[in-house]
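As a basis for the values below, the full set of heavy atoms in this structure was taken, side chains included, without hydrogen atoms, waters or symmetry mates.
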Amino acid sequence: MKTRIGVIGLADRGSGMLGILLGMEDIDIKFICDLNVERLEKAEKVCHEKGNTSVIATTDAEDLFASDEIEAVMIFTSWNAHVPLAIEAMRHGKYAAFEVGPAQNIGQVYDLVKTYEETKVPCMLLENCCYGERELMMKLMIQKGVFGELIHVRGGYMHDLRYLANALETGHERSFHNLYRTGDLYLTHELGPIITWLNINRGNRILNLSSMSTKSIGITEKYASLYPEKPLKFAMGDLTTTMLTCSGGETILLTHNVSNPRPYSRGGQVQGTRGIWMEDKDAIFIEGHREDGKEEWEPVSAFSEYTHPLWKKKEELEGFGHGGMDYLVLRAFLEAVRKRTQTPIDVYDSATMLAVSALSETSVSQGGALQHVPDFTSGRWVVREPMPKSIYSLDEIHEDLFEGETLTL
């Protein structure tokens, strides 16, 4: 039986995800929804071309929430609408999945958790980088103790997006956020995998954070070069640094920079008592691993035995968005819907990521003042019930589930 879903938000990200979903034979897209009629009609045409001629196109999300035809709602709208729509989906008994982006404030995060605890309907932030090839490889190496005991991890979103200064005129929402807000507004790509590496909310938790931002130059200068007759001062500092501490004694360093010339990087780094991985070098050093005994880097390829089973058939994932990460995160959510189990990124993980972003903004506004990160689990992080066994599990990699089987993603 096919999993019946509705999709809200059909702009660039939503249309891309819709295309992936339409290629899944076990998924039935019952509804598509967008406030923009032109986008909606375009998406409806794509659905028809893919053989889904019965899809209902609507500009009113309430049509999805009220329908008994769907089991889950997938949300690819603008940032501001993610949490309110996810809350509404849960209130109507439908699994909720929403795209990455910051919450507007910490109160909104509490509302998300409260709704889950009242309804017990699972909710998942679709952090695709949790399913990245390198990120899952690091999880497996950590699980097997290759790095020893972890003491420090890093991540970042370093991506030259100065071209989005022009989007103030074309309506891209990220430009408006950068105009009025400063802090780490886009941190889940790095924090999502880090949460899995450090077992956050599962025997460990983030205690507090401090964030600082530099002055704003990059996007401000770019906008001035495009529109010299109406200069604007963007609030977003060129570089935001956030330091976090964990109950297990580890520290986390996050970096956000979308305003300066540089190659794309998520800045991943894992430092343990036995070795280190650095994304930008694509290299690992493990004490005693080299036969010559030299304290020198080795390419990640030298540790290929730790490739996550999901990525051992990498060619099958090519063309499915961000190197295959998009496909995997969608399948992870949809498997939970089909089996009626908890999602691998649960509401507490989602809330933690959203809260860190919101509190980063507060910390910057207070000159780097320390912010307490709430325990949304109300103490249950100390001893959590095991998450469902799955090939998509991020808590523990269940290699036995892949043994002797032909993997069908």
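At a threshold of 4.0 Å, the pair R13-E99 counts as salt-bridged, since one of the basic side-chain nitrogens sits closer than that to a carboxylate oxygen. Of the charged side-chain nitrogens involved, none lies within less than 4.0 Å of a carboxylate oxygen, so that E287 and R274 do not count as a salt-bridged pair. Remark: R181 engages E361 in a salt bridge, criterion side-chain N to carboxylate O under 4.0 Å.
The shortest side-chain heavy-atom distance between D238 and S216 falls under the 4.5 Å cut-off. Looking at heavy atoms from C-beta onward, E88 lies in side-chain contact with E62 at the 4.5 angstrom threshold. I87 is listed as a side-chain neighbour of V83, based on a closest heavy-atom distance under 4.5 Å.
Remark: the N204 side chain and the S247 side chain contain an N/O donor-acceptor pair separated by less than 3.5 Å. Under 3.5 Å, the side chains of S211 and S360 contain a donor-acceptor pair of N or O atoms. If you check the side chains of N80 and E173, you find no donor sitting under 3.5 Å from an acceptor. Side-chain atoms of E127 and H189 form a donor-acceptor pair, as typed in the model, at a separation below 3.5 Å.
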Evaluate the criterion side-chain hydrogen bond (donor to acceptor under 3.5 Å, both in side chains) for residue pair H48 and T53; output intermediate values, then yes/no. CA-CA 5 Å; H48 290 176; T53 57; over 6 Å; no
As a quick check of understanding, evaluate ring pair (Phe, Tyr, Trp, His ring centres under 6.0 Å) for F176 and Y180, giving each step before the final call. CA-CA 6 Å; F176 291 95; Y180 296 109; 7.2 Å; no
CA sep, side-chain torsions, deciding dist, call: Y186, H177, ring pair (Phe, Tyr, Trp, His ring centres under 6.0 Å): CA-CA 11 Å; Y186 205 73; H177 285 279; over 10 Å; no
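Geometrically, K114 does not engage Y116 in a cation-pi contact, judged by NZ or CZ lying under 6.0 Å from the ring centre and within 45° of the ring axis.
With N201 as the partner, the side chain to side chain donor-acceptor pair (under 3.5 Å) test is satisfied by one option alone out of T377, T352, D346: T352.
In this structure, the side chain of Q143 engages the main chain of I397 through a donor-acceptor pair within 3.5 Å.
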